Q: 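Sharing a structure below in structure tokens format, with a few things to ask.
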Amino acid sequence: MLDGKKKLRVKCMKCGKEWEKETLVSWGPDDFTSSLCNSCFREVISPIIHKKQLREGNFDCFGKAGDYCDQHQCKYREWCLRWEKAGEEIKKVAVAC
Ligand code: SF4
Ligand SMILES: [Zn+2]
């Protein structure tokens with residue numbers, strides 16, 4: 001079976017952890033892109049968002065809700081809940097290896 005999905009290596013610029021993401025373009029084995037892994041992303045972004053939330057008169061709840069939050073209007077929602085999903089992806093990749 002032909003698998004049309006192409007993978008690009010991604011390396012965390014903070015801790016050096018590597019994973020793969022699907023892309024539309026073909027990449028060689030030596031190509032990679034820099035990003036932040038889930039835990040580093042959370043580490044870097046949380047204090048910044050917490051400050052913003054407090055300044056806006058809200059709770060500093062960013063990153064503390066796990067994978068469920070009923071505040072659908074929250075402008076940080078995508079980031080806040082993002083790594084739970086990304087974490088599952090990483091688990092899938094780890095199992096496949
Ligand atoms: S989605 Fe928004 S309201 Fe919900 S926990 Fe995250 S930051 Fe807080
Ligand atoms: Zn990292």
Side-chain angles (χ1 to χ4, degrees):
M1 196 183 89
L2 270 182
D3 186 358
K5 287 172 189 158
K6 301 177 179 78
K7 301 275 174 75
L8 173 64
R9 273 167 59 216
V10 188
K11 190 169 185 174
C12 177
M13 60 181 92
K14 201 157 177 277
C15 72
K17 185 163 139 183
E18 289 189 25
W19 66 98
E20 286 180 331
K21 70 172 181 181
E22 283 171 7
T23 70
L24 295 171
V25 187
S26 288
W27 299 92
D30 295 329
D31 292 324
F32 71 90
T33 182
S34 293
S35 186
L36 284 170
C37 74
N38 289 335
S39 52
C40 292
F41 176 71
R42 189 199 295 241
E43 226 176 86
V44 168
I45 206 84
S46 288
I48 300 164
I49 304 285
H50 287 161
K51 247 187 246 170
K52 278 173 170 284
Q53 289 186 307
L54 293 173
R55 221 182 297 137
E56 289 159 1
N58 295 313
F59 294 114
D60 55 345
C61 52
F62 182 83
K64 299 176 183 171
D67 57 1
Y68 177 77
C69 175
D70 59 4
Q71 301 297 308
H72 293 276
Q73 314 302 324
C74 172
K75 62 180 171 186
Y76 307 116
R77 187 176 172 84
E78 204 183 315
W79 286 358
C80 180
L81 304 181
R82 182 187 110 155
W83 53 67
E84 298 300 333
K85 242 194 238 160
E88 280 165 29
E89 292 288 292
I90 287 168
K91 264 183 247 157
K92 261 187 251 162
V93 170
V95 167
C97 286

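As the structure lists them, so they are numbered: ligands from 1, and atoms in each ligand from 1. Each residue takes its place number in the sequence, starting with 1. Please read these numbers as outputs of a predicted model, since none were measured by experiment.
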Q: What is the nearest protein non-hydrogen atom to atom 4 (Fe) of ligand 1, stated with its residue, atom name and distance?
A: C69 SG, 2.3 Å
Q: Heavy atoms, side chains only, cut-off 4.5 Å: are Y76 and K52 in contact?
A: yes
Q: Within a 6.0 Å radius of atom CD1 on I48, are there more than 12 heavy atoms belonging to other residues, nucleotides or ligands?
A: yes
Q: Going by the atom numbers of ligand 1, which of them fall below 4.0 Å from some non-hydrogen atom of C74?
A: 1 (S), 2 (Fe), 3 (S), 7 (S)
Q: Roughly how far apart are Q71 CD and R77 CZ, rounded to 0.5 Å?
A: 8.5 Å
Q: Output the list of atoms in ligand 1 that are nearer than 4.0 Å to some heavy atom of Q71, sorted by atom number.
A: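 By the 4.0 Å cutoff, the relevant atoms are 3 (S).
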Q: Compare all side-chain heavy atoms of C15 with those of C37 and state whether any distance is below 4.5 angstrom.
A: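 They are in side-chain contact.
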Q: Checking contacts here: is it the side chain or the backbone of C61 that comes within 4.0 Å of ligand 1, counting heavy atoms only? Could be both or neither.
A: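 For C61, the contact with ligand 1 is made by both the backbone and the side chain.
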Q: Determine, using heavy atoms of Q53 and all atoms of ligand 1, whether some pair is separated by less than 4.0 Å.
A: yes
Q: Of all the atoms in C80, is at least one N, O or S atom closer to atom 6 (Fe) of ligand 1 than 2.8 Å?
A: yes
Q: Output the list of atoms in ligand 1 that are nearer than 4.0 Å to some heavy atom of A65, sorted by atom number.
A: 5 (S)
Q: Once rounded to 10°, what is the value of the angle centred on the Zn ion (ligand 2) between C12 SG and C37 SG?
A: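 Roughly 110°, rounded to 10°.
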Q: Ignoring hydrogens and angles, tell me if any N or O in the side chain of Q53 forms a donor-acceptor pair with the backbone of C61 under 3.5 Å.
A: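 Answer holds: yes.
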Q: Any side-chain heavy-atom pair from S35 and F41 closer than 4.5 angstrom?
A: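 Counting from C-beta outward, S35 and F41 never come under 4.5 Å.
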